[in-house]
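Written out below as structure tokens is the structure these notes cover.
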Amino acid sequence: MWVGIVCDNSNSISTINITSLGLKGTLHSLNFSTFTKLLSLDISNNSFNGSIPHQIGNLTNLSILNFSFNQLSGYIPEEIGELRKLRYLLFGSNQLYGSIPPTIGMLINLVELDLSDNSLSGTIPSIRKLTNLEQLWLFNNSLSGHIPNELGKLNALISIILSNNILYGPIPPSIGDLVNLTNIELENNTISGSIPSSLGNLTKLAGLNIGTNKLSGSIPNSLGNLVNLIAINLAINNLSGPVPSTIGNLTKLQFLLLYQNKLEGRLPPALNNFTNFQSLQLSSNSFTGPLPQQICLGGLLRKFSANHNFFTGPVPISLKNCSSLARLNLAGNLLSGNITNYFGVHPKLYFAELSSNNFYGHLSPNWAKCSNLTSLRISNNNLSGVIPPELGQAPKLQVLDLSSNHLTGKIPRELCNLSSLFELSISNNELSGSIPVAIGSLMELRILELAANKLSGSIPTQVGMVHNLVHLNLSKNKFMKGIPFELNQLQYLESLDLSWNLLNGQIPKTLVKLEMLDMLNLSHNNLSGSIPSDFKDMLSLRYVDISNNQLEGPIPNDPAFLRAPIDALKNNKGLCGNVSGLVVCQDSSHNRHGQKKKHIIILALSFTSGALMLVLIVAGVLLRICWRSARKSEKQATEEHSQEHFSIWGYDGKIMFENIIEATEQFDDKYIIGEGGTGAVYKAKLPKGQIVAVKKFQAEVDMEMVDLKAFTSEIRALAELKHRHIVKLHGFCSHSRFTFLVYEFLEGGSLDKVLNNDTHAMMFDWNRRVNVVKGVADALYYMHHGCSPPIVHRDISSKNVLLDSEFEARVSDFGTAKILNPDSHNYTSFAGTYGYSAPELAYTMEVNEKCDVFSFGVVCLEIIMGKHPGDLISLLFSSSGVPKVSNLLLMDVLDQRLPHPLMPIDEDVILVARIGFACLNETPCFRPTMEQVYNQFVMPKSAMVDPFPFITLGQLLQ
């Protein structure tokens with residue numbers, strides 16, 4: 001007996017069911033004429049390809065025909081109309097194209113018609129004779145034209161899904177005659193006109209999704225008749241007017257999506273009747289007045305996204321008793337009232353955003369009892385009183401933003417117990433006293449904003465222990481004494497603002513160690529002495545303000561100072577320099593502060609051409625170290641002795657060379673930990689115990705540029721690459737035997753190896769995975785938009801993303817990096833890794849930032865899927881550009897080794913998937929820039945259309 005084959009009493013085959021057997025091939029070898037008694041043919045969920053044979057019309061006894069989830073292509077044959085006994089015609093999720101044959105309208109016994117997720121075009125044919133039809137699924141095609149008015153004649157219809165096409169015109173009022181309908185989905189078309197009031201006749205309707213169209217007019221009162229409605233999506237249209245009071249009749253409603261319309265007025269008090277909201281999204285309208293007095297956002301609430309409206313009046317006191325509240329967003333309104341009375345203990349609440357309203361009163365200690373709270377933002381209100389010390393007991397708090405209020409008292413020491421705190425923003429208040437010395441225990445803190453208060457005393461040295469700080473703003477306070485030398489430990493610091501204080505003493509020379517510092521503001525203090533000349537080595541510094549101090553002497557020979565406006569330098573004791581508005585220094589080479597002489601790298605002309613090529617092919621990054629090391633100090637000036645060149649920061653280059661040769665046993669293969677684009681990477685343990693990574697270059701690498709002057713300009717640009725998410729280089733050695741780079745060793749290894757190891761992959765949880773995506777995005781944003789000219793990596797892949805012991809990302813291997821010339825096209829030979837390279841590189845020699853964007857998209861999906869997304873990418877688009885996987889659930893393609901992501905990280909995972917798909921657009925100009933990607937991660941998340949378990953790839957591809 002054959003699997004999936006069933007015969008009737010006459011030994012004729014009646015059923016063929018070979019679904020999900022992994023079969024391949026075409027249908028053309030099948031002799032359809034021999035299956036005269038076949039009743040059911042199901043070959044779904046295999047890999048059959050080719051076209052559907054015209055002989056399919058011979059199976060006149062068929063009742064079930066299921067070809068869905070294959071790779072069938074070509075036209076739907078007109079002979080399909082011969083199957084008059086057919087009840088189920090399921091061709092969904094293939095690669096069929098052309099129009100829907102009008103002969104389908106002859107299948108009068110049809111109950112289900114599923115042609116979804118293909119590349120079908122043309123109009124919807126006449127189907128008025130299909131009076132038994134219960135399910136009409138045509139979504140995810142390229143169908144155009146109007147929705148046929150004759151649909152209203154198909155009284156048996158239960159579900160209509162026409163989403164994601166290019167249908168236009170109005171919703172036919174006749175749809176209101178389909179009294180058995182339970183689901184209508186018309187989203188993401190170009191449907192216009194008003195919502196027909198006849199929809200109110202569909203009292204069995206559970207789902208109404210007509211979002212993302214061009215509908216106008218008001219929401220009809222008749223929608224209040226849909227008492228069985230669970231979900232209604234009218235978002236992203238041009239609807240206007242108020243929300244009708246009759247909406248309150250929909251007591252079963254769990255999803256109400258009205259965002260991005262032109263709705264106005266007050267929300268109806270009848271919303272009091274809603275007790276099981278899962279998603280309430282009202283943003284980007286013009287609502288006014290108070291929220292309904294008794295509304296309780298209960299049940300499984302995931303979002304209360306009412307931001308960017310114009311709500312006014314008090315918040316309903318009943319929110320205090322909403323124990324199921326999980327996410328609350330009322331930001332950007334005119335809400336008022338005493339906040340002390342509004343909120344109680346919410347055990348499921350993880351996100352509270354109440355900023356930019358008119359709340360007043362004191363902060364309640366009850367916020368600390370919200371055991372799942374990760375983010376509390378109540379900035380830009382009228383709060384008074386003290387910060388309750390109990391907030392230090394909130395076990396999961398990561399973001400606390402109470403800025404721009406009227407808070408008084410001291411900064412509670414208890415806040416330093418928040419070991420997961422990522423951001424502490426309490427600027428623009430009336431806080432006094434000193435910064436608690438325990439601040440040094442906040443090891444996860446990235447943002448510390450204490451500006452514009454009345455804080456005094458000295459800046460505690462313990463601030464230097466907060467090693468992960470990126471932004472530090474202590475401006476507009478009354479801090480005295482000097483700038484702590486310990487701030488030099490903040491290796492990731494990008495912004496330092498100490499302006500408008502009472503600081504004195506000299507600017508510490510140790511600040512030059514802040515290699516990632518982008519903005520420095522020391523203005524309006526009482527600092528004296530000269531600006532350390534070593535500031536010329538702060539290559540990442542772009543913005544500086546040292547005005548209104550007592551500084552004197554020459555300004556450093558650094559672009560940030562040389563290009564600074566005079567307002568950023570004025571009102572000092574005696575600064576000089578070659579800057580408009582300053583006096584020229586009298587003798588810059590013999591000033592009293594002993595400015596160090598500039599150092600010059602000399603490439604010995606005695607080098608043979610082969611040795612010179614060997615030095616040059618270290619791909620920009622190697623030579624960047626050479627250029628920077630020569631600027632560091634005279635001790636590190638380049639020495640060249642017969643084909644030997646050493647430069648390793650902080651070490652004797654020759655001794656280090658010998659140590660590395662010994663540690664790797666002359667680069668024995670057993671020390672290899674990875675393969676780079678231009679050589680192998682080795683692990684070397686030095687005599688004092690330090691572990692470094694050593695990238696040994698191949699003996700011969702094709703040179704892409706032999707113009708030494710042009711290549712030197714690229715070296716100078718690459719010297720700007722200092723970023724927390726770019727691997728840190730210590731130096732290099734170029735020798736007649738070996739040429740190699742020395743850089744930091746990262747314990748976590750490469751991303752691809754972590755994902756390929758089940759044990760490591762399970763430790764690589766969703767939070768860590770999202771952070772790695774953000775880290776790579778941050779690095780590429782810096783390279784594309786923070787460097788001038790921009791730098792393209794050209795080989796972004798999982799093997800070139802390294803992880804430290806905490807799973808923090810570093811982009812590595814710049815052997816193929818390209819500096820872009822903004823004044824011309826940038827042509828180059830192919831570089832990259834198969835499976836990550838942008839498709840246009842197969843037919844063009846021009847490289848730009850969008851090549852990195854495509855590769856980044858692949859890495860995004862690889863991180864959340866746990867494997868390279870090659871199979872998924874190949875199915876994303878057909879030749880007509882229509883997605884082929886739109887009906888797949890995101891949760892089904894995620895890495896199954898991890899539990900499904902829960903709140904709040906699920907939103908970040910969805911964002912990563914959405915960005916990943918956007919970056920994979922086949923047309924480069926339609927891909928986002930890395931600046932747009934970066935902004936997506938730092939801006940507040942927009943409301944999701946559906947909760948995580950129901951998100952499909954089709955929604956992410958929109």
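- Across all their heavy atoms, C919 and V853 have their closest contact at CB-O, 3.3 Å.
- S427 and S403 share no side-chain donor-acceptor pair at under 3.5 Å.
- There is a side-chain donor-acceptor pair under 3.5 Å between N571 and N548.
- For E515 and K513, the salt-bridge test fails: no basic side-chain N is under 4.0 Å from an acidic carboxylate O.
- For the atom pair CG (N771) and CZ (F937), the distance works out to 10.0 Å, reported to the nearest 0.5 Å.
- Under the 4.5 Å side-chain criterion, counting only non-hydrogen atoms from C-beta, F856 is in contact with V773.
- Nearest heavy atom pair, residue W367 against residue L373, reads O-CD2, 3.8 Å.
- In this pair, W500 and H524 present their aromatic rings parallel. The plane angle is below 30°, not in the 30 to 60° band.
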Audit row: W766, I864, side chain to side chain contact (heavy atoms under 4.5 Å, CB included) steps and yes/no: CA-CA 8 Å; W766 293 118; I864 62 175; 4.1 Å; yes

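- Atom CE of M763 is surrounded by 12 or fewer heavy atoms from other residues, nucleotides or ligands within 6.0 Å.
- At least one side-chain heavy atom of R377 sits under 4.5 Å from a side-chain heavy atom of V399.
- Residues D908 and K774 come closest through the heavy atom pair OD1-NZ, 4.1 Å.
- With rounding to the nearest 0.5 angstrom, the CG atom of L448 is 6.0 Å from the CG atom of L474.
- In plain terms, the two heavy atoms of N468 and R446 that are nearest each other are O-CD, 3.1 Å.
- Looking at E423 and S425, their side chains do bring a donor and an acceptor atom within 3.5 Å of each other.
- In terms of heavy-atom proximity, L894 sits nearest to P901 at CD1-CD, 3.9 Å.
- In this structure, N525 contributes its side chain and S523 its backbone to a donor-acceptor pair below 3.5 Å.
- Within the 4.5 Å cutoff, no side-chain heavy atoms of N417 are placed close to those of Q393.
- Looking at heavy atoms from C-beta onward, L450 lies in side-chain contact with I411 at the 4.5 angstrom threshold.
- Looking at heavy atoms from C-beta onward, R769 lies in side-chain contact with D895 at the 4.5 angstrom threshold.
- At least one side-chain heavy atom of H467 sits less than 4.5 Å from a side-chain heavy atom of M443.
- T510 and N488 get closest at one heavy-atom pair: O-CB, 3.2 Å.
- T374 has its side chain within reach of P904: a pair of non-hydrogen atoms, C-beta onward, lies under 4.5 Å apart.
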